Amino acid sequence: MRLSRQLFVTLRDEPADAEVRSHALMARAGFLQKLAAGIYVYGPMLWRVLRNIENIVRTEHDAVGCSELLMPALQPRELWDESGRWERYVTDGILFNFKDRKGSEVCLGPTHEEVITKYVASQVQSYKQLPVTLYQIQTKFRDEIRPRFGLMRGREFIMKDAYSFDVSAEDMVDSYATMRQVYSNIFSRCGLGFTQVEADSGAIGGSGSEEFMVDADTGEDAIAVCKATGYAANLEKAVSVIPAGAACEATVDMHKEITPGAKSCDDLLKLFPELPLTRLLKTVLYHVDYADGGVGVAAVMCRGDRELNDVKIINHLDALNIELASEAEVKSATGAAVGFAGPIGLADDIRLLADESVIGVEGFLCGGNETDMHYLDVHFGRDLPQPETCDFGTVQAGDSVVDGEGVIEITRGIEVGHIFQLGTKYSEAMGANFLDAQQKTKPMHMGCYGIGVSRVAAAAIEQNHDEAGMIWPMPIAPYAVHLIQMKPGNDEQDALAQEMHDALEAAGCDVLWDDRKKVSPGVKFKDADLVGVPIRITVGRDASERGVEFSLRSNRDNKEAVSADDAMARVIEMVKESGR
Ligand code: ATP
Ligand code: MG
């Protein structure tokens, strides 16, 4: 491809709203152009990257016998009423929904469990037609609360979604295991470093799920990993054994302590310098929106050195969402200002829960439900019953793993894939049944599997860039080689560059040929650094002797003078090796 024929515009400045490198660099290199918040034009270079990712996704799915199809983006509300998800998605504000000319409600698909379940239900009658796994690559629509980070969190984005249908739970687990391997193959083939983690199932539902995280410090997700045991889980889901707190005997009676203005653990430690943080119990009040439509306030306790985990609380309460209680809610629950909540003397309608970290804590300090007052030397069992206790805690670096021996570290990642065992949640709700060998009607067992195709492109750049620009992994790079011609119009350079371009293209290597006439070599090099094609060949002064300069974008200062033939052989070898 001659660069002079492309619409190729690079910018010196990055967009003001670019908070991460992938967004800034892609915008500067003209890969994407913002149309509105979270909505982008994918330029020609980016489209090549996305097609390369899609190609890897397709071949790996096809290799295990999945079939590709395409479902409508426009979906009628009735379908979502059948699964019972319309209300939830509308309440969450995720859904782009509107009325058609007849007044019927429709949405733009944020995901396709309903459509696929309906489709398969209509096609499958007998166990003889199962198992089957179907997938599509399509634009999804989600009215994200905070669209940001460019392709990372768009309101319109490209997803591959697959769905498996089996006759039994055991078979579903097999299909799931196959897809887990497919995912692992896909991200390896994309040339990405990734971690496979246990995950929370969220709004999709079902019994088990795992996420695939591209390792990157800028990732939105925190991951608990243990190198010794191989344990890895999204922090939303992770469990651990926490360090024991300090021991204390029940010799002193519970009593009030006046604590003016002490609303945080730090404030309290200043007032009680002798007290270890592990003898301080926090009580956090949450406003809860329950899945059944009710609302309420819940109080959750945990040890002073630990943090609560919203997702675990939401799951335990079967809530749609929780947020910190408002000042008014705190006042009515505790009779006090924010910062003095505790387990003793809460209003009757407040549900009191505690994280497991409170177990065994003796003689603790806790809020007194009175402004500027705490209780000290409190004991569960003696001064109050221990509340309903469950794991509501957030794993911290240094905790021990539950299974085996090892210490947990916290790393960050970008979620690029998520696989779920759904079971019969959708098939039962929507009547996706089959007749088994005994002619008995049974619901199909489903799995669903998503990859954020456009997010993969962004994640690849978060993981692979430097101050000068992007560094594409060969398998998904827009081009395999960037051929820079120093002086277009010079006969010898023209001839050699043309020859190399044609030979490499014929050998299946995508060439980006910078043949621009009125652009200085310096600008060409800068642009090449920015665009990040993995191999660079410069055709310049030595063209008459068939000499060129060869370098890799990942090691751009190491430039070698080689023959054109040698350079081409290297490119062909590298492309072959990458599986591109
Ligand atoms: P997240 O937790 O990041 O919001 P999700 O759990 O809602 O994602 P899924 O419903 O599991 O996502 O979607 C499958 C995949 O689609 C995700 O693993 C992610 O890679 C991608 N994805 C989800 N939302 C977006 C988005 N707004 N923009 C780009 N990609 C997305
Ligand atoms: Mg997810």
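Bear in mind the structure is a predicted one, so any value in this text is a computation, not a measurement. Both counts, for ligands and for their atoms, begin at 1 and track the order of listing.
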Under 4.0 Å from any heavy atom of Leu151, which atoms of ligand 1 are there? 29 (C)
Pair Arg21 + Glu14, salt bridge at N-O below 4.0 Å: yes
Hey, is Asp355 close enough to Lys282 for a salt bridge, meaning N to O under 4.0 Å? no
Gly452: numbered ligand 1 atoms lying under 4.0 Å from its heavy atoms: 15 (C), 16 (O), 20 (O), 21 (C)
Find all atoms of ligand 1 within a distance of less than 4.0 Å from any non-hydrogen atom belonging to Glu144, and give their numbers and elements. 24 (N), 26 (C), 27 (N)
Could you tell me whether Arg153 approaches ligand 1 through its side chain, its backbone, both or neither, with non-hydrogen atoms closer than 4.0 Å? both
Would you mind running through ligand 1 and noting each atom that sits below 4.0 Å from a heavy atom of Gly417? 18 (O)
Using the salt bridge (Lys or Arg N to Asp or Glu O under 4.0 Å) rule, collect all pairs that involve residues 44-56, keeping only residues at least two apart or in two chains. Arg48-Asp510, Glu54-Arg58
Nearest option to atom 29 (C) of ligand 1, as decided by whichever heavy atom of Met152, Glu156, Lys140, Glu236 sits closest: Met152
Starting from the C-alpha separation in whole Å, work towards a yes-or-no answer on side chain to side chain contact (heavy atoms under 4.5 Å, CB included) for Phe194 and Ser184. CA-CA 9 Å; Phe194 64 95; Ser184 181; 3.8 Å; yes
Is it true that Asp17 and Arg148 make a salt bridge, defined as a side-chain N closer than 4.0 Å to a carboxylate O? no
I'd like to know if Glu113 and Lys425 make a salt bridge, using a cut-off of under 4.0 Å between side-chain N and carboxylate O. no
Any heavy atom of Val416 sitting closer than 4.0 Å to ligand 1? yes
Report yes if some N/O of Arg142 lies less than 3.5 Å from some N/O of ligand 1; otherwise report no. yes
Taking only residues two or more places apart in sequence or in another chain, which ones pass side-chain hydrogen bond (donor to acceptor under 3.5 Å, both in side chains) with Glu105? Arg77
Run the salt-bridge test on Asp217 and Arg412 with the 4.0 Å N-O cut-off and return the result as yes or no. no
Look at ligand 1 and say whether Gly154 reaches it with a heavy atom at a distance under 4.0 Å. yes
Proximity flag Glu211 to ligand 1, non-hydrogen atoms under 4.0 Å: no
From atom 8 (O) of ligand 1, work out which of Glu415, Met213, Glu220, His418 has a heavy atom at the shortest distance. Glu415
